[in-house]
Amino acid sequence: MEDQHQPILERAVSFLEAGKTAAAICGATLGLAKQGILNRYQHTSNALFYLQSIDTYRGSSYYIDKVTIQVQNLTTASFVGSLLWAKYIMENLKLYSEQTLDAWYRYFSIGQVEYFEKLVASFNEEIH
């Protein structure tokens with residue numbers, strides 16, 4: 001909410017308007033609320049009352065009570081949704097194949113070695 005963060009919030013607005021990816025998690029959703037962005041995009045955060053503490057927030061009807069959501073080119077999350085938030089961002093940016101991203105997400109969410117093996121194999125396939 002500090003003035004020093006204003007440039008990145010303005011960049012997020014310009015990215016969204018240009019159809020580029022923007023993302024916010026936890027307290028960063030307050031910044032988007034302050035900018036009025038969440039008044040026109042479906043979104044989530046730590047809780048609805050958390051966003052309602054911002055006097056410019058009028059997006060209650062767009063609020064979705066999930067830990068992470070991705071709608072169009074905006075990804076938002078509560079502080080407990082960081083892993084899925086990161087996955088959605090990587091999907092949106094098309095950083096990895098679907099197979100690699102699935103193995104990455106499964107390994108980091110449940111920690112089974114078999115998914116680490118699949119992750120390494122997927123990375124090796126993408127390099128070659």
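As the structure is a computational prediction, the values presented were derived from the model and not from experiment.
Side-chain N or O atoms of Asn92 include none that pairs as donor or acceptor with a backbone N or O of Thr21 at under 3.5 Å. At least one donor-acceptor pair closer than 3.5 Å links the side chain of Ser109 to the backbone N or O of Tyr105. Remark: side-chain polar atoms of Asn39 are not paired, donor with acceptor, to backbone N or O of Tyr57 under 3.5 angstrom. At distances below 3.5 Å, at least one donor-acceptor pair connects side-chain atoms of Thr56 with backbone N or O atoms of Lys34. Judged by distance alone, with hydrogens and angles left aside, the side-chain atoms of Thr68 form a donor-acceptor pair with the main-chain N or O of Gly81 at under 3.5 Å. A donor-acceptor pair is defined here as one N or O able to donate and one able to accept, closer than 3.5 Å; such a pair exists between the side chain of His43 and the backbone of Tyr41. Proximity of a side-chain donor or acceptor of Thr44 to a complementary backbone N or O of Ile64 within less than 3.5 Å is detected.
Grouping the Ile, Leu, Val, Met, Phe, Trp and Tyr side chains by contacts below 4.5 angstrom, directly or via other members, places Leu84 apart from Ile69. Leu93 and Trp85 fall within the same hydrophobic cluster, where Ile, Leu, Val, Met, Phe, Trp and Tyr residues are linked whenever their side-chain heavy atoms come under 4.5 Å apart, directly or through other members. Hydrophobic clustering, with ILVMFWY side chains joined whenever heavy atoms are under 4.5 angstrom apart, groups Leu95 together with Tyr88. Using a 4.5 Å cut-off between side-chain heavy atoms of Ile, Leu, Val, Met, Phe, Trp and Tyr, with links allowed through other members, Leu48 and Ile54 fall into the same hydrophobic cluster. Note on Leu51 and Phe79: separate hydrophobic clusters, where clusters join Ile, Leu, Val, Met, Phe, Trp and Tyr whose side-chain heavy atoms are under 4.5 Å apart, directly or indirectly.
Classified by interplanar angle (parallel below 30°, tilted 30° to 60°, perpendicular above 60°), the ring pair Tyr107/Phe116 is tilted.
Residues Asn46 and Ser78 approach most closely at OD1-CA, 3.3 Å, considering heavy atoms. The minimum heavy-atom distance between Leu32 and Ala24, with the atom names listed, is CD1-CB, 3.3 Å.
Contact check for Gln6 versus Gln35: side-chain heavy atoms found under the 4.5 Å cut-off. A 4.5 Å side-chain heavy-atom check between Leu119 and Thr100 finds at least one atom pair inside the cut-off. Looking at Ser53 and Leu30, their side chains come closer than 4.5 Å, going by heavy atoms from C-beta outward.
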Before giving the answer on side-chain contact (heavy atoms from CB on, under 4.5 Å), spell out for Arg106 and Lys118 the whole-Å C-alpha distance, their side-chain angles and the decisive distance to 0.1 Å.
-> CA-CA 10 Å; Arg106 289 176 182 267; Lys118 289 179 182 184; over 6 Å; no

